[in-house]
Amino acid sequence: MDLFRDTTILEFGGGAAGPLATRYFADHGATVVRVESRRRPDFLRTLRLTPETPGGLDGAHHFAVLNAGKRSVALDLSRPEGVAVARRLALRVDAVAENFAPGAMARWGLDYASLARDRSDLVMISTCLNGQTGPERHYPGFGGQGSALAGFNHLTGWPDREPVGPYGTITDSLSPRFAAFLLAAALLHRRRTGQGQHVDLAQVEAGIVCLTESIITYTATGEVLGRLGNRSRHAAPHGVFRAADEDGRERWVAIAVHDDGDWRRLVGALGEPAWAVDPALATAAGRLARVDQIERHLEEWTRTRTALAVAGLLQDAGVDAAPVEDFGDLHEDPQLAHRGHFRPVEHAVLGRHPVETHALRFSAMAPRLDAPAPRLGEHTAEVLRDVLGMPEDELARLGAAGVLE
Amino acid sequence: MGGTLHGTRVLDLTSEPGFFAGKLLGDLGADVVKIEPPGGDPARRRPPFWGGRPDAERSLLWLALNTSKRGMTLDLDRPRGRDLLLDLAARADVVLESDPPGRMAARGIGWDALRARNRRLVLCSITPFGQTGPYARRRGSDLTVTAMSGNLHATGDPDRPPVRCALPVSHSHGGIEAAVGVVLALLAREQTGEGQHVDVSLQEAMVMPNVGMAAMFRMTGDRGARAGAFTRQRRSVAREIWPCKDGFVSFALRGGPARVPGLVAMVRWMDEHGMASAKLEAVDWQAHNLNLLDQAQVDALSAEFAAFFRTRTAAELHAAACERTLMLAPINTPREITASRQLAARGFFVDVDDPERGRLRWPGPFARTTTAAGDPDAVRVGIRRPAPRLGEHTEDILADLGLARDEVARLRAAGVV
C-alpha cells in the first residue's frame, strides 16, 4: 500500500534538517511540494555551484540525493501575489513543514497563528536550531553549531585531543527523525480527533534529549562525561584496530567485547596465545586495568589480516566485530543490498544515480523511490492546477508577472 | 495527561539499544509498559549510579532512557509468562522488542503468534542489522553497526583510528527511527484495520547521518576521510573546531550567502580589538570561496582567527555570537547546557520528583506543541513519569488483565513475576 497516497505536504526551507523529515512521507507515496525560489535558492542547490556546473541549480548532487520524490513550485515570496499563492497552498494541503529562521514565516503571514485562523485543523511543524521562542531564537547556525551546542562534539574524539565530529553534523540527521515522528503523530491525532496542532522542534533540544544520560549524570553526580576514543567504561577490549591495507588504502576493524564470555570466545578465535590466556584478563576489571596491552596485542594480530577476514572469523566465533566501511564500501555491503537501502532514480541532469531510503522495513508496505529530486520549479503549473485548481489564464498571468519563477 | 498518542498501549520488551523508542512514545502520551525479567533488566546494574551506590533503582543509564514508562516483571522463558504476555498483547496496540532475530519466535511469542492473538497489533523489532539478510544473525552493537555505516570511517583524527561518540548515538538514531515506524504503522492501521511488523536496522539507521554523502559516492567517487577538527575542502582542509581561552568553539570559514554576514561581523569584532590585519579586512567575503584556496592560503587566513579565539573564553565567544549573529558555537558540556538561558527560557529542563530517590534535573520536552483551540495538554510532549522501579506496576497491570490478587501472589511465589 502507498500509505500517504492521499496526503500532500507543503515544505518551506532547505538544507538537510528540514527536507530529510518529509522524505519518510514521500517514500510512502505522499505528494511533498517544496516551495522554492530562484532568487534565494536552497543552499544545497548552490553548495558546489560554479558557472561550469551542468544544469546549474538543477545539477547539485547534494540536493538531488536528499530530495528524491518531491515536487518543486517556484514562487517569488518577496511579492504579495507570490505569498498569496503560498497561502492558498498551505490552507489546502494536509500539513506544512518549514525550517526557516524563526520569524520568516510570520513576516509572510504564513506562520501557524495566521494560517490557523483560516484553518483550525492545520498540522504544521517548524524546526530550527534553538526553537521559535527564547532569547537565542535568532541565533544563526547550521548543523555544525547544533552538534556543538547539544554536546555531541565534546563526547566525540580522543581524551588527549581536541573534540571532533561526529561526522555529518549529527543534529541534521537526528532532528529530521524527530520531525517525522512528531508530524506523523500529529496526522494520526487529527485523524482520530479532528484536532490540528503546531509543533516547534528545536534541533539542539532534540539532540540533548538523546544525551540524557550525560545530562542526568552531571545533575546527579557533578561528573562531566568526556571523550573515550572507542573504549567503553565497562568492558574491554572495545576498539578499532588497523587491519591489512587493501589497494593502498588503510583498513580498520572494530572489535567489541561486552562480557567475560565474549572474551573467552575471542581468546579461542585468536588460538589462545600466551598473552591472552593470563587468568588476570578473565574478568572485565582485569582487562580494563591492562587495556593498553590488550589493544597492542590485538592490533598485532589484525594488522596482517583483512578487515573482512577478521570480522568474519570473529563473528563465526560469536564475537561482535565489523569491518569499518567507507562510503564506497556501503554500495558493496550485502546486508544494505538485501534491504535495498540504495535505489536508483533517473535524474534529468545527473542521469541515473542512487538515493537512500530510511531504516524501516514493513511487513505490509514498502518504501517506494521512483522519482528523482525535482528541478527548481519543475512542477509549478502542475501543482497549482492539481492542488488549487488554478485556471490557465491565472497561471499565464502570474507567470508573465514573474510571480511564478 | 493527554498527548497525541494518548490511548495507545505499548508493551516494551527491549534491552538497552531499544529503550529510547518507548520513552519517545511515552513522551507523546502513550501508555508504555516496560516488561523486565524478574531479576531486573541488566541496564539496572550498569554504573554510574545516582548517589554512587550500586542499586537497581539508581543506574543513571536505566533512569535516563525509561522515563514515561510504567514497569512490570514477567519471566518470558516460562510458559505461564509467555501466556500472560500474549494476553497483554491481545489488548495492546504496539509491542517493542530488540532480541536477536528468531529468539521471540523460538519462545512462542514471535510475529505469527502475536498476530494470531491480535490482528491490529504493531510489532516493532530493533536489531543491529534487521530481521533477514546475510548479516541478520551477526552480533552487533553501537561500535560495530557504526563501523558498518560509513559514519565511523569519516569521524576522527586522520592519524588515529576512526572514532565514535562516547554515548551510543546509533541507539538514539534507531530509537527515533523505531518511533517513526510505529506511528506510520498505526496510521496504516487506520486505513486497513491491521497491524504489521516493523523491522528497524541500526546499521541502516546510521547511514543517514552521513547526510547524503554515501549515496553521492556513485557521482563523486568520494569515499570520505577523517579530518579531525577540520573539514575537507577541494584543495585543503580548514579548521572548524578551534581552541579558545578555556575550551573549544565551532566556527567555519566556509562562505555562501548564509555564512557571509557572520564572517563579516567576526572580522569587524576582531578589528575593534586591533586583531584583524589589513589583509584580512580586505577580504571580499561575498566572493570568498574556501574551495578555491590552497592550504597555505587557508592557513594564513586561519591564523588570525585562531589567535583571536585564544584571547576569549567560550562563554564570551558565545555571548558575542548571540549579540552579533556570528555563526559560532561553543563546544558545550552538560555544565554549559544545564546553565543555558535559552533552554531555561523555554522550560526545557524539568525537575522530576521521586518519593524514594529524590529529585533530578532532566532534559524535558523535545518539542513545544500548541493547538488553535488553545488546548496544549491534548498534544503535550514531555516526561510523564520517572523510570519505573523494578516491578512497580506489576499488580496494577495484572489486575487490569483481570487477575485476582491471590493469583498474582501465586505467580510471584512461582517466580513468574
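Here is the naming used below: chain letters follow the sequence lines, and residue numbers restart at 1 for every chain. Any value given below was found using the heavy atoms of this structure, including those in side chains, with hydrogens, waters and symmetry copies removed.
In this structure, a donor-acceptor pair under 3.5 Å is absent between the side chains of H198(A) and T369(B). For the residue pair Q203(B) / D333(A), a side-chain donor-acceptor distance below 3.5 Å is found, with atom types taken as modelled.
With salt bridges taken as basic N to acidic carboxylate O contacts below 4.0 Å, one links D326(A) and R223(B). A salt bridge is defined here as a Lys NZ or Arg NE, NH1 or NH2 lying under 4.0 Å from an Asp or Glu carboxylate O, and E136(A) with R346(B) fails to meet this definition.
Contacts of R233(A) with chain B are made by side-chain atoms alone, with heavy-atom separations under 4.5 Å and no backbone atom involved. Residue R119(A) does not touch chain B at all, counting heavy-atom pairs closer than 4.5 Å. Y139(A) touches chain B through its side chain: at least one heavy atom from C-beta onward sits under 4.5 Å away, while N, CA, C and O do not. With a threshold of 4.5 angstrom between heavy atoms, L24(B) approaches chain A through its backbone and through its side chain. Heavy-atom distances place no part of R254(B) under 4.5 Å from chain A, backbone and side chain included. Both the backbone and the side chain of V240(A) come within less than 4.5 Å of a heavy atom of chain B. Heavy atoms closer than 4.5 Å to chain B are found in the backbone of I255(A), but not in its side chain. In this structure, the portion of I337(B) lying under 4.5 Å from any heavy atom of chain A is its side chain and not its backbone. Contacts between F342(A) and chain B at a heavy-atom distance below 4.5 Å involve the side chain alone, from C-beta outward. If you measure heavy-atom distances from R192(A) to chain B, the contacts under 4.5 Å come from the side chain alone.
The two residues V163(B) and N230(A) come nearest to each other via the heavy atoms CA-OD1, 3.3 Å. Summarising the geometry of H338(A) relative to P134(B), their closest heavy-atom pair is CB-CD, 3.9 Å, with the distance given to 0.1 Å. Of all heavy-atom pairs between A256(A) and L143(B), the closest is CB-CD2, 4.5 Å. Annotation for A372(B) and Y112(A): closest pair N-OH, 2.9 Å, computed over non-hydrogen atoms. Of all the heavy atoms in G150(B) and L330(A), the pair that sits closest is N-CD2, 3.8 Å. Between V211(B) and A16(A) the shortest heavy-atom distance is CG1-CB, 3.4 Å.
In this structure, the side chains of V207(B) and E356(A) come closer than 4.5 Å at one or more pairs of heavy atoms. Proximity of P209(B) to I170(A): side-chain heavy atoms (C-beta onward) are nowhere separated by under 4.5 Å. Contact annotation: the side chain of H341(A) never approaches that of M208(B) to less than 4.5 Å [non-hydrogen atoms, C-beta and beyond]. When side chains are defined from C-beta on, F366(B) counts as touching L182(A), because their heavy atoms get closer than 4.5 Å. Two residues are said to be in side-chain contact when any heavy atoms from C-beta on lie closer than 4.5 Å; V169(B) and L174(A) fail this criterion. Looking at Y135(B) and R339(A), their side chains never come closer than 4.5 Å, going by heavy atoms from C-beta outward. Contact of the F181(A) side chain with the V182(B) side chain is not registered, since no non-hydrogen atoms from C-beta on lie closer than 4.5 Å. Side-chain contact between H238(A) and R164(B) is present, with at least one heavy-atom pair separated by less than 4.5 Å.
Checked against the 6.0 Å centroid criterion, the rings of H331(A) and F217(B) qualify as a close aromatic pair.
Looking at Q197(A), its side chain never comes within 3.5 Å of a backbone N or O of T370(B) through a donor-acceptor pair. Within the 3.5 Å criterion, the main-chain N or O of F248(B) finds no donor-acceptor partner in the side chain of E162(A). Counting only distance, with no hydrogens or angles, the side chain of E205(A) and the backbone of F348(B) share no donor-acceptor pair below 3.5 Å. With R139(B) contributing its side chain and G318(A) its backbone, the two residues share a donor-acceptor pair below 3.5 Å. Looking only at distances, no side-chain donor or acceptor of E190(B) sits under 3.5 Å from a matching main-chain atom of R191(A). In this structure a side-chain-to-backbone donor-acceptor pair under 3.5 Å is missing from Q315(A) to R138(B). Between the side chain of R177(A) and the backbone N or O of A205(B) there is at least one donor-acceptor pair closer than 3.5 Å.
Atom CZ of R352(A) is surrounded by 12 or fewer heavy atoms from other residues, nucleotides or ligands within 6.0 Å. The local environment of CZ in R40(A) is sparse, with at most 12 non-hydrogen atoms from other residues, nucleotides or ligands closer than 6.0 Å.
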Name every donor-acceptor pair, under 3.5 Å, that has one atom in a side chain of residues 141-149 of chain A and the other anywhere in the protein, sequence neighbours excluded.
{"residue": "Q145(A)", "atom": "OE1", "partner": "F142(A)", "partner atom": "N", "Å": "2.8"}
{"residue": "Q145(A)", "atom": "NE2", "partner": "M327(B)", "partner atom": "O", "Å": "3.3"}
{"residue": "S147(A)", "atom": "OG", "partner": "N153(A)", "partner atom": "OD1", "Å": "2.8"}

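Residue L184(B) holds its CG atom at 10.0 Å from CG of L188(A), rounded to the nearest 0.5 Å. Note that OG1 of T217(A) and CG of L61(B) are 9.0 Å apart. Values are rounded to the nearest 0.5 Å. Rounded to the nearest 0.5 angstrom, N151(B) CG and F327(A) CZ are separated by 7.0 Å. Taken to the nearest 0.5 Å, the OG atom of S201(B) stands 6.5 Å off from the CD atom of Q335(A). The distance from atom OH of Y218(A) to atom OG1 of T333(B), rounded to the nearest 0.5 Å, is 7.0 Å. Atom OH of Y167(A) sits about 15.0 Å away from atom OG1 of T146(B), to the nearest 0.5 Å.
With sequence neighbours excluded, no residue forms a side-chain hydrogen bond (donor to acceptor under 3.5 Å, both in side chains) with R343(A).
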